[in-house]
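By convention here, the first residue in the shown sequence is residue 1. Not measured: the values here are computed from a predicted model.
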Amino acid sequence: MQIYINGLGNVSPQNTLDNSSFLEEIKYHQDYFKVVEPNYKEFISPAAARRMGKVIKMGVAAANYCLRDAKVENPDAIITGTGMGCLEDTENFLCNILNNKEQFLTPTSFIQSTHNTVGAQIALLLTCNNYNFTYVHRDLSFESAFVDSILLLKEGEASNVLLGGVDEITPNHYSIHAKKGLWKTGAQTSEFFNKNSDGTIPGEGATFFSLSSSPKDPYATVLAVEMLFNTNSKEDLKKVLDRILSSNNIQSKDIDLILLGANGDKEGDRVYSEFKENFFKENNSAAFKNLCGEYSTSSAFGVWLASQILKKKEIPTCVSVSRTPDKEVNKILLYNHYCGNHSLILLSSC
């Protein structure tokens, strides 16, 4: 059974929500990537929006746009992945505890601080009582949700699934992790790959996909989603790659573009250099995190980018490719890695 991506919705640090345009203008930011927030009134009533944190509004907007794009009124399942959840609401609740000396606390921030709030709010607004699940598996959260979506479709439990990856960043989160040396300090996002230094530039985003076993003007076909947890073994990685290639009856040379999650960190990006050198030395390669930053579900942005490239049959000029492809891009392999967790997602044109 084939799995198709029939709709996209992406609230990101770039102008990506409107699928008719494709990274024609690049937004740059100071210190970290901040989402370009849409006009939420198109998706949420002002009364409801006032009670929602930023990440919830991002997720609801992206999910609604995705369903419109796929012409789906109510999905059979809503599956989201998030690494950090509703940071802003969690911080607000904890600050209220301290400032009010644990008295007279309003429940809104507490209620909306749980990780499954985004999926729940989408379901409430859609009046969707179907399967609803949120995966919180750190840097493999989106991929875990992706695998669950595929299983539901292949087992016949759903005919269409709304899949999303959502994470936000706050000033407090940025400053705390800056003290741990995780970020490039004082950098603009235009310098993502320009500094040969430790650390990366964080980001945020909400990206949703409408998956189905039936093609409806699809963007791409999902051929494989694989994960490796807490390992840096090249042998384990090769086994997964061999399984992906053999199960789809292709060779490494048949993959037209390798989309890498390189994040500008001098040490971490060696993993990507070795990956390409060991397995795809002759293939074209490109990166995507210079457009969205590093965050737990940033691979969702990479899948969005790959889907758009396969549908529109063009690679935006802002995406730096190792060399100009000598043929049409029909298969893209996305490889992401962070702190010993690896994911591989293979997409094909329809």
Side-chain angles (χ1 to χ4, degrees), residues 10 12-13 32-33 35 55 58-59 79-87 90 115-116 118-119 133-150 163-170 173-174 176-178 180-184 192 198-209 224-234 236-237 240-241 244 258-275 287-306 333-346:
N10 188 13
S12 80
Y32 57 87
F33 290 84
V35 295
V55 72
M58 287 161 46
I79 307 177
T80 52
T82 180
M84 299 301 294
C86 303
L87 275 176
T90 301
H115 287 69
N116 63 348
V118 176
F133 205 89
T134 298
Y135 284 88
V136 189
H137 290 177
R138 294 194 296 180
D139 306 302
L140 296 175
S141 300
F142 171 71
E143 289 82 355
S144 300
F146 208 156
V147 170
D148 191 12
S149 302
I150 292 171
L163 163 70
V166 184
D167 272 298
E168 68 175 332
I169 188 168
T170 65
H173 175 78
Y174 175 81
I176 290 170
H177 285 78
K180 295 166 64 178
L182 295 182
W183 315 137
K184 297 181 190 294
F192 197 80
D198 296 328
T200 182
I201 300 178
E204 59 183 358
T207 310
F208 277 81
F209 307 87
V225 179
E226 295 278 356
M227 293 173 282
L228 275 170
F229 177 71
N230 197 25
T231 179
N232 287 311
S233 167
K234 294 182 180 63
D236 290 344
L237 193 57
V240 172
L241 274 172
I244 290 173
I258 308 297
L259 201 54
L260 302 171
N263 66 7
D265 177 57
K266 181 175 63 176
E267 193 64 32
D269 283 356
R270 289 179 185 172
V271 174
Y272 296 102
S273 301
E274 292 174 0
F275 176 82
F288 64 89
K289 288 182 183 174
N290 59 312
L291 300 172
C292 66
E294 178 67 271
Y295 56 100
S296 295
T297 53
S298 57
S299 52
F301 183 96
V303 173
W304 172 87
L305 177 59
L333 177 67
L334 188 150
Y335 171 56
N336 193 40
H337 161 269
Y338 197 70
C339 297
N341 296 328
H342 311 253
S343 67
L344 295 145
I345 300 172
L346 180 62

Any side-chain heavy atom of [X] sitting closer than 4.5 Å to one from [Y]?
X: Leu237; Y: Leu344; result: yes
X: Phe33; Y: Leu291; result: no
X: Phe192; Y: Asn263; result: yes
X: Val55; Y: Asp167; result: no
X: Thr82; Y: Val118; result: no
X: Ile345; Y: Val303; result: yes
X: Leu334; Y: Ser299; result: yes

List in chain and number order the residues that pass ring pair (Phe, Tyr, Trp, His ring centres under 6.0 Å) with [X], two or more places apart in sequence or in another chain; answer none if no residue qualifies.
X: Phe229; value: none
X: Phe301; value: Trp304
X: Phe208; value: none
X: His137; value: Tyr135

Quick one: pull up [atom1] in [X] and [atom2] in [Y] and give me the separation to the nearest 0.5 Å.
X: Ile79; Y: Phe142; atom1: CD1; atom2: CZ; result: 11.0 Å
X: His337; Y: Arg270; atom1: NE2; atom2: CZ; result: 13.0 Å
X: Leu346; Y: Leu259; atom1: CG; atom2: CG; result: 12.0 Å
X: Asp265; Y: Asp198; atom1: CG; atom2: CG; result: 5.5 Å
X: Ser273; Y: Leu260; atom1: OG; atom2: CG; result: 8.5 Å
X: Lys234; Y: Asp236; atom1: NZ; atom2: CG; result: 11.5 Å

Taking every non-hydrogen atom, the tightest pair across [X] and [Y]:
X: Leu140; Y: Ser343; answer: CD2-CB, 4.1 Å
X: Gly83; Y: Val136; answer: O-CG1, 4.0 Å
X: Cys292; Y: Pro13; answer: O-CG, 3.7 Å
X: Tyr32; Y: Thr170; answer: OH-C, 4.3 Å
X: Glu294; Y: Ser298; answer: OE1-OG, 3.5 Å
X: Gly81; Y: Ala145; answer: N-CB, 4.0 Å

#### Entry: Derivation and outcome, side-chain contact (heavy atoms from CB on, under 4.5 Å), residues Asn232 and His342
CA-CA 9 Å; Asn232 287 311; His342 311 253; 3.8 Å; yes
### Task
Sequence neighbours left out, what passes side-chain hydrogen bond (donor to acceptor under 3.5 Å, both in side chains) with Asn336? Give chain and number order.
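Partners of Asn336 under the side-chain hydrogen bond (donor to acceptor under 3.5 Å, both in side chains) test: Tyr272, Lys289.
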Main-chain N/O of [Y] paired with [X] side-chain donor or acceptor, under 3.5 Å:
X: Thr297; Y: Ala300; value: no
X: His177; Y: His173; value: yes
X: Asn230; Y: Gly340; value: no

### Audit row: Tyr335, Val271, side-chain contact (heavy atoms from CB on, under 4.5 Å) steps and yes/no
CA-CA 10 Å; Tyr335 171 56; Val271 174; 3.4 Å; yes
### Task
Show your reasoning for whether side-chain hydrogen bond (donor to acceptor under 3.5 Å, both in side chains) applies to Thr134 and Thr80.
CA-CA 5 Å; Thr134 298; Thr80 52; 2.9 Å; yes
### Task
Kindly indicate, with the supporting measurements, whether the criterion side-chain contact (heavy atoms from CB on, under 4.5 Å) is fulfilled by Thr200 and Trp183.
CA-CA 5 Å; Thr200 182; Trp183 315 137; 3.9 Å; yes
### Message
Applying salt bridge (Lys or Arg N to Asp or Glu O under 4.0 Å), can you list everything that pairs with Glu204, at least two apart in sequence or on another chain?
### Response
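Glu204 satisfies salt bridge (Lys or Arg N to Asp or Glu O under 4.0 Å) with Lys54 only.
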